[in-house]
Chemist: 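Pasting in a structure now, in structure tokens, and then I'll have a few things to ask.
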Amino acid sequence: MTASEKAKEIFDKYQNHYYIQITDSSAKEYSLIAVDYILMLANPFKKPFWEKVKKELMKMPDPE
């Protein structure tokens, strides 16, 4: 799985949450928080991948 595919997967999981309605901007914010948390705990060998995922999330256009 590429970094952009993983970023989209994480975003979709927050956007399509079943219990509460979440706006697209909140989904992006929650996705970034999740990736930051993963980076904090990640194996040093996997950090470059998660840093790419974070960059891909940051590239996503902000919803209007």
Side-chain angles (χ1 to χ4, degrees):
M1 179 175 280
T2 67
S4 60
E5 291 171 340
K6 190 65 169 180
K8 180 70 173 136
E9 178 186 3
I10 292 170
F11 177 80
D12 288 344
K13 282 184 179 183
Y14 280 103
Q15 187 181 38
N16 298 322
H17 196 274
Y18 296 109
Y19 303 110
I20 55 175
Q21 286 190 326
I22 295 178
T23 63
D24 288 349
S25 60
S26 294
K28 183 177 178 181
E29 183 179 338
Y30 294 149
S31 299
L32 287 168
I33 291 169
V35 171
D36 281 339
Y37 185 72
I38 291 167
L39 276 168
M40 184 177 67
L41 301 175
N43 178 332
F45 297 107
K46 294 186 179 188
K47 279 191 177 188
F49 173 77
W50 287 106
E51 288 168 351
K52 289 178 187 174
V53 171
K54 184 174 180 178
K55 285 180 186 177
E56 290 296 324
L57 281 169
M58 299 286 280
K59 285 186 203 175
M60 292 177 120
D62 287 330
E64 296 179 13

Chemist: State plainly whether the residues Glu56 and Lys59 are in salt-bridge range, i.e. N to O under 4.0 Å.
Modeler: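 Yes, Glu56 and Lys59 are salt-bridged.
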Chemist: Can you tell me how far apart CG (Leu39) and CZ (Phe49) are? Round to the nearest 0.5 Å.
Modeler: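 Result: 10.5 Å between the selected atoms.
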Chemist: Only pairs at least two apart or in different chains count here, so list each salt bridge (Lys or Arg N to Asp or Glu O under 4.0 Å) that has a residue in residues 29-40.
Modeler: Asp36-Lys54
Chemist: Would you give the length of the straight line joining atom CG of Leu57 to atom CH2 of Trp50, rounded to the nearest 0.5 angstrom?
Modeler: 9.5 Å
Chemist: How would you list, by chain and number, every residue that makes a salt bridge (Lys or Arg N to Asp or Glu O under 4.0 Å) with Glu9, sequence neighbours excluded?
Modeler: Lys6, Lys13
Chemist: How close do Phe11 and Lys28 get, heavy atom to heavy atom, and via which atoms?
Modeler: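 In this case the closest contact between Phe11 and Lys28 is CE1-N, 3.6 Å.
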Chemist: Mind jotting down which residue pairs meet the salt bridge (Lys or Arg N to Asp or Glu O under 4.0 Å) criterion with at least one end in residues 37-50? Sequence neighbours excluded, please.
Modeler: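 For residues 37-50: none.
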Chemist: Please name all residues satisfying side-chain contact (heavy atoms from CB on, under 4.5 Å) with Phe45, sequence neighbours left out, ordered by chain then number.
Modeler: Asn43
Chemist: Test of understanding: with side-chain contact (heavy atoms from CB on, under 4.5 Å), list the residues that count as partners of Ala34, not counting sequence neighbours.
Modeler: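 With sequence neighbours excluded, Ala34 shows a side-chain contact (heavy atoms from CB on, under 4.5 Å) to Tyr14, given in chain and number order.
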Chemist: Would you give the length of the straight line joining atom OG of Ser31 to atom CE of Met58, rounded to the nearest 0.5 angstrom?
Modeler: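 If I round to the nearest 0.5 Å, the distance is 12.0 Å.
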Chemist: When clusters are formed from ILVMFWY side-chain contacts under 4.5 Å, directly or step by step, what else is grouped with Tyr37?
Modeler: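 Met40, Leu41, listed by chain and number.
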